[in-house]
Undergrad: 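Take this structure, written in structure tokens, and hold onto it; I'll ask about it next.
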Amino acid sequence: MDRVVPAEWSPHLAMWLGFPSHADLWLENLEPARAEVEALARALAGPGGERVRLMAYGDQAVADAKRRFADDPRIEIVPGRFGDIWFRDTGPIFVRDGGETRAVGFTVNGWGGKYELPHDEEVADQIAVATPVSLERFDVVLEGGALEHDGAGTVITTRQCVLNPNRNRNWTETQAEDVLGRALGMKKTIWLDDGLANDHTDGHVDNLARFLRTGVVACPEAFGDDDPNAEIYDLAADVLARSADAEDRPLEVVRIPSPGRMQHEDGEIVPASHMNFLVANRAVIAPLYENADAGEAALRVLRAQFPDRAVIGLSSSAILTGGGSFHCISQQEPA
């Protein structure tokens with residue numbers, strides 16, 4: 001059997017989450033972010049049908065997490081060490097290989113050297129030990145949020161991130177595809193160009209394009225006339241519509257409304273995305289932001305696409321202040 005990354009909609013043994021633990025990073029958003037992670041964990045453990053493994057760092061954060069979830073045995077608090085909660089990027093990517101589950105880890109360099117934090121490079125090892133599965137290391141910089149998998153050997157990614165010289169200097173598409181093939185069993189790579197404006201990850205694809213099922217991929221559609229990413233969305237949709245998967249099946253493209261224009265008080269664009277949803281065993285949990293109409297429009301599309309799962313929208317505005325959303329802070333452990 002070939003090595004493959006299982007699709008996110010395939011069964012999970014557990015869902016790993018990071019619990020905001022560093023007051024010096026989150027400042028006034030620490031408690032609001034913890035409340036949003038609490039709501040996400042409860043949704044995953046309840047209608048989502050997941051065993052949740054929530055990693056917290058430090059005595060105060062561990063005690064707070066244990067207090068919050070003392071009433072729910074489905075949510076396990078795992079003391080650990082990490083720089084911040086973006087486990088999609090710092091944690092391992094699980095693969096099935098010859099009927100066995102393995103973990104694959106890559107080099108962490110703080111998203112191109114922008115946010116290098118102590119212990120982020122240890123997250124993959126800690127999760128692999130706790131799982132427990134063997135961890136295979138590859139000495140290249142690569143983040144899980146930069147890759148979107150269909151469970152059958154197809155991956156979508158962006159040139160802006162994966163070929164960025166702040167990750168692996170002078171990397172070419174051919175070199176990247178070779179690593180993706182050896183490490184993750186990828187047979188076909190679909191290359192998009194840029195991700196969202198002002199995305200500090202340099203264009204992670206999980207804000208731009210997500211597989212809904214084999215052969216069907218979603219990307220955003222601009223909401224409002226002033227959406228700053230309208231051209232990026234349309235270019236991505238065009239590339240996807242002209243692409244085929246590893247089995248040479250043309251892709252069907254579904255458009256999901258974006259959150260519209262979001263910006264800080266100083267006018268800086270915020271890279272919010274409804275695409276950062278999380279597919280659980282029995283639910284899909286989507287991040288919602290300030291624009292309620294945009295959020296409801298996105299949920300309607302997701303409900304039509306996932307009729308066999310509950311589709312739940314939850315606030316992710318505080319988590320977004322740290323730079324990501326639900327998909328970014330999670331990593332699924334396949335069954």
Undergrad: Compare every heavy atom of Arg282 with every heavy atom of Gly46, then report the nearest pair and how far apart it is.
TA: O-NH2, 3.6 Å
Undergrad: Could you tell me whether the side chain of Asp199 and the main chain of Gly195 form a donor-acceptor pair under 3.5 Å?
TA: no
Undergrad: If the threshold is 4.0 Å, N to carboxylate O, is there a salt bridge linking Arg213 and Glu8?
TA: no
Undergrad: With the threshold set at 4.0 Å, does a side-chain nitrogen-carboxylate oxygen contact exist between Asp125 and Arg81?
TA: no
Undergrad: Between the side chains of Trp191 and Glu177, does any donor sit under 3.5 Å from an acceptor?
TA: yes
Undergrad: Give a yes or no on this: more than 12 heavy atoms of other residues, nucleotides or ligands lie within 6.0 Å of atom CG of Asp308.
TA: yes
Undergrad: Atom CZ of residue position Arg169 - does it have more than 12 heavy atoms of other residues, nucleotides or ligands inside 6.0 Å?
TA: no
Undergrad: Would you please say whether a donor-acceptor pair under 3.5 Å links the side chains of Trp86 and Asp120?
TA: no
Undergrad: Between Asp64 and Arg34, does any NZ, NE, NH1 or NH2 come within less than 4.0 Å of an OD or OE carboxylate oxygen?
TA: yes
Undergrad: Centroid separation under 6.0 Å, is that true for the rings of His22 and Tyr57?
TA: yes
Undergrad: Examine the side chains of Ser316 and Glu36 and answer whether a donor and an acceptor come within less than 3.5 Å of each other.
TA: no
Undergrad: Kindly indicate whether the side chain of Phe277, heavy atoms from C-beta on, has any atom under 4.5 Å from the side chain of His327.
TA: no
Undergrad: Using distance alone, with no hydrogens and no angle criterion, decide if Gln332 and Arg88 have a side-chain donor and acceptor under 3.5 Å apart.
TA: yes
Undergrad: Using 4.0 Å as the upper bound for N to carboxylate O, is an ion pair formed by Asp234 and Arg255?
TA: yes
Undergrad: Please check if the number of heavy atoms outside Asp225 that lie under 6.0 Å from its CG is greater than 12.
TA: no
Undergrad: Measure the acute angle between the ring planes of Trp111 and His200, then classify it against the limits of 30° and 60° as parallel, tilted or perpendicular.
TA: perpendicular
Undergrad: Hey, is Glu76 close enough to Arg51 for a salt bridge, meaning N to O under 4.0 Å?
TA: yes
Undergrad: Linking I/L/V/M/F/W/Y whenever their side-chain heavy atoms sit closer than 4.5 Å, directly or via other members, would Val52 and Val78 fall into one cluster?
TA: yes
Undergrad: Over 60° means perpendicular and under 30° means parallel, so classify the ring planes of Phe106 and Phe138, tilted if in between.
TA: tilted
Undergrad: Is the shortest side-chain N to carboxylate O distance from Asp97 to Arg102 below 4.0 Å?
TA: yes
Undergrad: For Ala246, does its backbone N or O pair with a side-chain atom of Thr154 as donor and acceptor, under 3.5 Å?
TA: yes
Undergrad: Kindly say whether Pro32 contributes a backbone atom to a donor-acceptor pair with the side chain of Asn29 at under 3.5 angstrom?
TA: no
Undergrad: With a 4.0 Å cut-off, would you call Glu100 and Arg96 a salt bridge?
TA: no
Undergrad: With no hydrogens and no angle check, do the side chains of Asp150 and Thr214 hold a donor and an acceptor under 3.5 Å apart?
TA: no
Undergrad: Going by heavy atoms in the side chains, are Trp16 and Leu54 under 4.5 Å from each other?
TA: no
Undergrad: Say whether, by atom type as modelled, one donor and one acceptor occur between the side chain of Ser258 and the main chain of Gly260 under 3.5 angstrom.
TA: yes
Undergrad: Between side-chain atoms of residues 291-301 and protein atoms elsewhere (two or more places apart, or another chain), which donor-acceptor pairs fall under 3.5 Å?
TA:
from, atom 1, to, atom 2, distance (Å)
Asn291, OD1, Asp293, N, 3.2
Asn291, OD1, Ala294, N, 3.0
Glu296, OE2, Arg303, NH1, 3.3

Undergrad: Please lay out, stage by stage, how Arg167 and Asp202 fare under the test salt bridge (charged side-chain N to carboxylate O under 4.0 Å, His left out).
TA: CA-CA 10 Å; Arg167 264 64 166 188; Asp202 302 310; 2.3 Å; yes
Undergrad: Salt-bridge test for Glu173 and Arg159: reply yes if a basic N is under 4.0 Å from a carboxylate O, no otherwise.
TA: yes
Undergrad: Identify, with sequence neighbours excluded, every residue that meets salt bridge (charged side-chain N to carboxylate O under 4.0 Å, His left out) alongside Lys187.
TA: Asp2
Undergrad: Are Phe19 and Ile329 connected into the same hydrophobic cluster when the rule is that any two of I, L, V, M, F, W, Y join if their side-chain heavy atoms are below 4.5 Å apart?
TA: yes
